[in-house]
Visitor: 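Take this structure, written in structure tokens, and hold onto it; I'll ask about it next.
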Amino acid sequence: MGWKATVGVKMAGGGAEKLRCPSVAAVARSRMRPWVLRATTTVLLWTCVMQLTAVGDRNNGYLMVSCNGGLNQMRAAICDMVAIARYLNVTLIVPELDKTSFWNDPSEFQDIFDVEHFITSLRDEVRILRELPPRVKRRVELGMFHSMPPISWSGISYYRNKILPLIRKHKVLHLNRTDARLANNGLPLKVQKLRCRVNYASLKFTPQIEELGRRVIRLLRQNGPFLVLHLRYEMDMLAFSGCTEGCTREEADELTRMRYAYPWWKEKVINSFTKRKDGLCPLTPEEIALVLRALDIDRSMQIYIAAGEIYGGKRRMAALTSAYPNVVRKETLLEPSDLMFFQNHSSQMAALDYLVSLESDIFVPTYDGNMAKVVEGHRRFMGFKKTILLDRKLIVELVDQYNSGSMGWDEFSSLIKSVHANRMGAASKRTVILDKPKEEDYFYANPQECLRDPNLLRTS
């Protein structure tokens with residue numbers, strides 16, 4: 001193993017040239033004192049031994065992963081894959097991001113995340129490479145690898161007993177689906193801690209995204225406190241969920257056609273009325289306007305909309321903007337030129353909203369999708385920042401009673417407050433439901449193994 005290093009050497013004319021560091025043999029031929037020679041040789045040999053040892057410790061093979069879904073679905077998956085790679089002592093290749101989902105975002109990992117920071121910040125835990133070494137890459141190009149989707153919500157024993165033998169056999173394993181492939185509960189503490197370390201320390205966005213996020217936050221802070229409303233009322237969400245409350249007949253038909261156009265959206269025939277009553281629809285702009293008023297959110301507070309284009313446009317936003325005139329979004333705070341390079345890159349736009357959501361005084365998601373859950377957990381990690389977790393099933397029941405005139409405003413407001421008094425993102429124990437992992441509290445929404453004692457936070 002050889003090293004190539006360069007050093008600047010000052011020249012008589014004030015210039016400099018780069019010289020290669022001498023090899024051990026060259027050092028031996030120099031006129032250095034014996035103790036300098038011995039020290040130099042020892043350092044070089046020790047460095048070589050340490051690097052070889054590090055590689056030797058992770059010799060089970062290589063793990064390639066292709067993430068699926070939106071930004072936060074992929075973010076959680078990346079954390080899981082790092083933990084799995086560390087546990088199996090394999091080399092992880094920088095994950096490939098989804099480019100075939102509904103959003104068709106062509107972004108690579110390094111377009112969204114600081115790849116150098118990701119690799120170097122975890123080098124004491126797991127070996128991560130940008131790409132396969134040339135000889136291994138040739139094997140993959142010849143089809144000499146194994147590709148598969150791991151079983152969802154699996155424990156570590158599955159990866160030890162089923163996945164590790166495949167890696168040892170094939171040397172390269174490609175996991176082609178990564179969402180929710182690691183269990184919420186029942187994992188070793190060191191695995192849970194590593195998932196958090198990746199999420200909260202190693203997955204930094206690129207400097208460009210971070211700087212733009214800071215600029216948006218500064219603009220908002222200039223005008224006082226702000227609430228981030230993750231208003232999941234985009235066309236794709238409504239088409240996928242089949243929720244059409246408040247839509248015209250033409251809009252409902254358009255959403256249905258869109259749902260049938262995407263074969264991987266399995267559910268086609270949906271009763272919007274029943275689904276809404278069960279609390280399974282994102283709240284409408286009209287519903288959330290009533291809820292914010294009932295919770296006594298100050299009318300003057302800035303409401304930052306963290307979402308894509310709202311379906312129905314100004315007509316559907318009218319109730320919210322009437323109740324809260326300071327409704328803003330990144331497109332209204334920034335110049336078009338600021339967002340030019342983010343156009344048609346939904347994950348990069350979502351990354352910007354993620355940063356603003358973390359720093360908001362209040363975060364309110366109207367649907368429990370991946371961003372809502374991951375931001376909720378991140379805000380818990382930051383010190384249990386106020387996150388209002390809405391009880392949608394009860395809300396739509398109360399809203400319908402209020403709108404029908406069978407309930408007055410004072411009663412409506414009182415009930416909304418009482419229902420959500422203990423749903424503000426405070427410390428709570430993660431729910432465990434044996435054999436029903438999808439119904440458990442999501443690890444990334446409440447990573448309790450990684451959170452500081454909330455009592456200490458209140459007294460510090």
Side-chain angles (χ1 to χ4, degrees), residues 68-73 98-106 179 229-292 303 305-324 327 329-332 343-347 349-350 353 364-372 390-405 438:
N68 57 293
L71 173 67
N72 292 284
Q73 187 171 323
D98 192 342
K99 301 177 184 61
T100 61
S101 66
F102 169 84
W103 302 277
N104 289 319
D105 188 336
D179 61 318
L229 183 63
H230 187 41
L231 187 59
R232 290 310 316 271
Y233 211 75
E234 304 101 335
M235 183 179 185
D236 63 292
M237 171 52 68
L238 299 180
F240 173 77
S241 64
C243 298
T244 58
E245 176 70 16
C247 294
T248 64
R249 181 64 189 176
E250 291 75 16
E251 289 172 336
D253 290 342
E254 180 182 41
L255 295 172
T256 301
R257 287 194 298 272
M258 183 178 185
R259 183 165 67 255
Y260 275 89
Y262 289 91
W264 54 89
W265 290 355
K266 302 300 183 185
E267 192 178 14
K268 301 300 183 184
V269 180
I270 300 174
N271 186 315
S272 175
F273 177 84
T274 301
K275 199 163 188 179
R276 176 176 174 269
K277 287 294 187 181
D278 289 338
L280 300 176
C281 286
L283 294 180
T284 68
E286 296 87 353
E287 289 166 346
I288 196 63
L290 287 173
V291 170
L292 295 181
I303 308 293
I305 304 297
E309 184 178 353
I310 302 303
Y311 190 62
K314 290 183 178 179
R315 176 180 68 83
R316 295 308 303 272
M317 288 292 288
L320 184 60
T321 54
S322 174
Y324 293 92
V327 171
R329 50 193 307 143
K330 50 189 172 291
E331 291 84 357
T332 61
Q343 297 301 322
N344 302 317
H345 293 81
S346 60
S347 290
M349 294 287 257
D353 282 342
V364 183
T366 62
Y367 193 65
D368 55 356
N370 286 290
M371 178 168 170
L390 300 174
D391 184 333
R392 295 190 304 278
K393 184 174 182 179
L394 187 60
I395 284 172
V396 297
E397 180 183 336
L398 296 178
V399 165
D400 288 349
Q401 291 182 52
Y402 172 72
N403 285 336
S404 69
K438 289 184 180 181

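Sequence positions, counted from 1, serve as the residue numbers for this chain. All of these numbers come straight from a predicted model, not from anything done at the bench.
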Visitor: Could I get the full list of ring pair (Phe, Tyr, Trp, His ring centres under 6.0 Å) partners for Tyr367, not counting sequence neighbours?
Guide: none
Visitor: Any chance you could measure Glu251, atom CD, to Arg316, atom CZ, to the nearest 0.5 Å?
Guide: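 Reported to 0.5 Å precision, the distance equals 7.0 Å.
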Visitor: Using a 4.5 Å cut-off on heavy atoms from C-beta on, say whether the side chain of Leu320 contacts that of Ile305.
Guide: yes
Visitor: Minimum heavy-atom separation for Pro285 to Leu231, with atom names?
Guide: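 Heavy atoms of Pro285 and Leu231 come nearest at CG-CD2, 4.3 Å.
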Visitor: Please find the pair of heavy atoms, one from His345 and one from Pro106, that lie closest to each other, and give the distance.
Guide: NE2-CG, 3.7 Å
Visitor: List in chain and number order the residues that pass salt bridge (Lys or Arg N to Asp or Glu O under 4.0 Å) with Glu234, two or more places apart in sequence or in another chain; answer none if no residue qualifies.
Guide: Arg232
Visitor: Counting C-beta onward and ignoring hydrogens, is there a side-chain heavy-atom pair between Val396 and Glu245 closer than 4.5 Å?
Guide: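 Result no, sub-4.5 Å side-chain heavy-atom pair not found.
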Visitor: CG/Asn271 to CZ/Arg276 distance, rounded to the nearest 0.5 angstrom?
Guide: 12.0 Å
Visitor: So which atom in Ile270 and which in Phe240 form the shortest heavy-atom distance, rounded to 0.1 Å?
Guide: CD1-O, 3.9 Å
Visitor: Report the residues that fulfil ring pair (Phe, Tyr, Trp, His ring centres under 6.0 Å) with Phe273, sequence neighbours left out, ordered by chain and then residue number.
Guide: none
Visitor: Is it the case that atom NZ in Lys268 sees more than 12 heavy atoms from other parts of the structure closer than 6.0 Å?
Guide: yes
Visitor: By side-chain contact (heavy atoms from CB on, under 4.5 Å), which residues pair with Thr256, not counting sequence neighbours?
Guide: Arg259, Tyr260
Visitor: Do Met371 and Leu71 come close enough that some side-chain heavy atom pair is under 4.5 Å?
Guide: no
Visitor: Between atom OG of Ser322 and atom CD of Glu286, what is the distance when rounded to the nearest 0.5 Å?
Guide: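 CD of Glu286 is found 11.5 Å from OG of Ser322.
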Visitor: Should we count CD of Glu331 as having more than 12 external heavy atoms under 6.0 Å?
Guide: yes
Visitor: Is Ile310 close to Arg329 at the side-chain level, that is, under 4.5 Å between some pair of heavy atoms?
Guide: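 Counting from C-beta outward, Arg329 and Ile310 do come under 4.5 Å.
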Visitor: If you look at every heavy atom in Ala252 and Cys247, which pair is closest and at what distance?
Guide: N-CB, 4.4 Å
Visitor: What residues, two or more places apart in sequence or in another chain, satisfy salt bridge (Lys or Arg N to Asp or Glu O under 4.0 Å) together with Lys277?
Guide: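 With neighbours one apart ignored, the set is Asp400.
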Visitor: With sequence neighbours excluded, tell me which residues meet side-chain contact (heavy atoms from CB on, under 4.5 Å) with Arg257.
Guide: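 Partners of Arg257 by the side-chain contact (heavy atoms from CB on, under 4.5 Å) criterion, ordered by chain and then number, come out as Asp253, Glu254.
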Visitor: Would you say the side chain of Ile395 lies within less than 4.5 Å of the side chain of Leu290, judging by non-hydrogen atoms?
Guide: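 When only atoms from C-beta onward are counted, Ile395 and Leu290 do not touch, as no gap falls below 4.5 Å.
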Visitor: Can you tell if the side chain of Cys243 reaches within under 4.5 Å of the side chain of Met237, non-hydrogen atoms only?
Guide: no
Visitor: Is there a side-chain contact between Glu287 and Thr366, using heavy atoms and a 4.5 Å cut-off?
Guide: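 Result no, sub-4.5 Å side-chain heavy-atom pair not found.
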Visitor: Which atoms form the tightest heavy-atom contact between Leu238 and Pro282, and what is the distance?
Guide: CD2-CG, 4.2 Å
Visitor: Check step by step if side chain to side chain contact (heavy atoms under 4.5 Å, CB included) holds for Asp368 and Arg392.
Guide: CA-CA 10 Å; Asp368 55 356; Arg392 295 190 304 278; 3.5 Å; yes
Visitor: Taking the side chain as everything from C-beta on, heavy atoms only, tell me whether Leu255 gets closer than 4.5 Å to Tyr311.
Guide: yes
Visitor: State whether the side chain of Asp105 and the backbone N or O of Ser346 hold a donor-acceptor pair below 3.5 Å, judged by distance alone.
Guide: yes
Visitor: Report the distance from atom CD1 of Ile288 to atom CG of Leu283, rounding to the nearest 0.5 Å.
Guide: 5.0 Å
Visitor: Which pair of non-hydrogen atoms, one from Tyr324 and one from Ala289, has the smallest distance, and what is that distance?
Guide: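 Of all heavy-atom pairs spanning Tyr324 and Ala289, the closest is CE1-O, 4.3 Å.
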Visitor: With side chain to side chain contact (heavy atoms under 4.5 Å, CB included) as the test, would you mind laying out the steps for Thr248 and Arg315 before giving the verdict?
Guide: CA-CA 11 Å; Thr248 64; Arg315 176 180 68 83; 4.0 Å; yes
